[in-house]
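Worksheet for the structure shown next.
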Amino acid sequence: MTKFNEPETLKMAKLGRELRAQGIDITDLSLGEPDFDTPDHIKEAAKKAIDDNFSHYTPVSGFLDLRQAVCEKLLRDNGLVYTPEQIVVSTGAKQSIANLVLAVVDAGDEVVIPTPFWVTYSEIVKLAGGVPKFVKTTIESGYKITPAQLEEALSPTTKLFMFSSPCNPSGAVYSKDELAALAEVFKKYPDVYIMSDEIYEHIVFEGKHESIAQFDFLKDNIIIINGLSKGFAMTGWRLGYIAAPLAIAKAADKLQGQFTSATCSITQRAAIAALTGDLKPTMEMVEAFRNRRKTVLELMKDIPGLLCSEPTGAFYVFPDVHSFFGKKTPDGNTIANADDLIMYLLNEAHVSTVSGNAFGEPNCIRLSFANSVANLEKGFSKIKNALGALK
Ligand code: PLP
């Protein structure tokens, strides 16, 4: 049986729920989902789809008009030209990533992943029998891979490169110039596929989201991952998609046809409303995240020992906490690493966070600001007290 791990994010949410069931007031800063409701026009489209009896199996890759809507969105928001045959809609970006990795990675293939990365990347590569090759990025480079690092990491045996911009967990957003510089390196490796995970594209606080797929000479190498979960507050509806070279799209369709078939027909009809509709509710949500980000960055300044890069996208802060390693808790236990620290914060401060280990960055922890300002203030105040009690 292949060895791979349960997602750390889900594990922390589960532990938090268990403590809450015991009557303990847990502030949950571990989960990666907007705390907003799905916009009304999307909900209305779903209700209509139920009344119109969209109750049957759909094409595995999704309704044709949905895939057309994805193509329209890619043109409108990203200036990218795709045809519906290149789009495969799935039950979430997570499944889209699995489809892609299982389609292209064979046993022993090398997959380059800059750290920190989203928890699932490494595990799904291992599941496919691939070998993740991690490239450490630093707080100094804003947790972005440099062209020189990329050049050094790629080799003729590299099959796939996986990254997200905006990045979960660091909040790093690559600029057009930065992507152009990476694209020049990729040009020398025409056999490497590039997975560009753009699920947080709408949640950007400075500048604007740029896709590496805009560099035409890489078009046959790039697989865009996207979905509705984050930008439209639709995590439970389960819809993601890839935009890919035709051969990859066909392979993803074949795999999905055996695993799950298409995602829910009602969700697909609602997705058309989301993708073609007004982005105002999304932008309002982003404004709220922008204010919370400001609040959180101010609260963190007040906590000695936390070293934080400012996120320019997504809804997480990812402070370096290594200054607490080696310290003792009031009970006399030593905090050896980030895993110990998050368990201490959960059990003593009653705040749920996620260890950076899960994201390939053992000196950090991830805290989500997809929570009300009141909860953020409460959570960070409890964290401050708990960290202050470490000696
Ligand atoms: N990619 C990244 C970077 C994410 O953070 C997440 C969810 O946390 C996903 C993909 C998966 O999203 P979905 O809910 O569409 O499966």
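Just so it is clear, the values below take in all heavy atoms, side chains as well, and ignore hydrogens, waters and symmetry mates. Along the sequence shown, residues are numbered consecutively beginning with 1. For ligands, and for the atoms within them, numbers begin at 1 and follow the listed sequence.
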Heavy atom of the protein closest to [atom] (residue, atom name, distance):
{"atom": "atom 6 (C) of ligand 1", "answer": "Trp118 CZ2, 3.4 Å"}
{"atom": "atom 1 (N) of ligand 1", "answer": "Asp197 OD2, 2.6 Å"}
{"atom": "atom 12 (O) of ligand 1", "answer": "Ala93 CB, 3.6 Å"}

Please identify which atoms of ligand 1 are closer than 4.0 Å to at least one heavy atom of [X].
{"X": "Arg238", "answer": "13 (P), 14 (O), 16 (O)"}
{"X": "Tyr200", "answer": "3 (C), 4 (C), 5 (O), 8 (O)"}
{"X": "Gly92", "answer": "15 (O), 16 (O)"}

>> Which option wins on minimum heavy-atom distance to atom 5 (O) of ligand 1: Asn168, Thr120, Thr91, Thr235?
In response: Asn168
>> I'd like the name of whichever of Glu33, Lys230, Met234 reaches closest to atom 8 (O) of ligand 1 through any heavy atom.
In response: Lys230
>> I need the contact type for Ser229 against ligand 1. Using non-hydrogen atoms and a strict under-4.0 Å cut-off, is it side chain, backbone, both or neither?
In response: side chain
Pairing of [X] and [Y] as salt bridge, 4.0 angstrom limit:
{"X": "Asp65", "Y": "Arg269", "answer": "yes"}
{"X": "Asp253", "Y": "Lys250", "answer": "no"}
{"X": "Lys159", "Y": "Glu110", "answer": "no"}

> Backbone or side chain, does any N or O of Lys94 fall under 3.5 Å from an N or O of ligand 1?
Replying inline: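 The answer is yes, given that Lys94 and ligand 1 share an N or O pair closer than 3.5 Å.
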> Within 45 degrees of the axis of the six-membered ring of Tyr82 and under 6.0 Å from its centre: does Lys219 put its NZ or CZ there?
Replying inline: yes
>> For Tyr241, does the six-membered ring have the charged nitrogen or CZ of Arg67 within the cation-pi criterion, i.e. under 6.0 angstrom from the centroid and within 45° of the normal?
In response: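 Geometry flag: not set, cation outside 6.0 Å or 45°.
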> Going by heavy atoms, is Gly227 under 4.0 Å from ligand 1?
Replying inline: no
>> Less than 6.0 angstrom separating the ring centers of Phe186 and Phe217, yes or no?
In response: no
>> Quick check on the 6.0 Å ring-centre criterion: do Tyr200 and His209 meet it?
In response: no
>> Please tell me whether Ile97 and Ile194 are part of a single hydrophobic cluster in this structure, the criterion being side-chain heavy atoms less than 4.5 Å apart.
In response: no
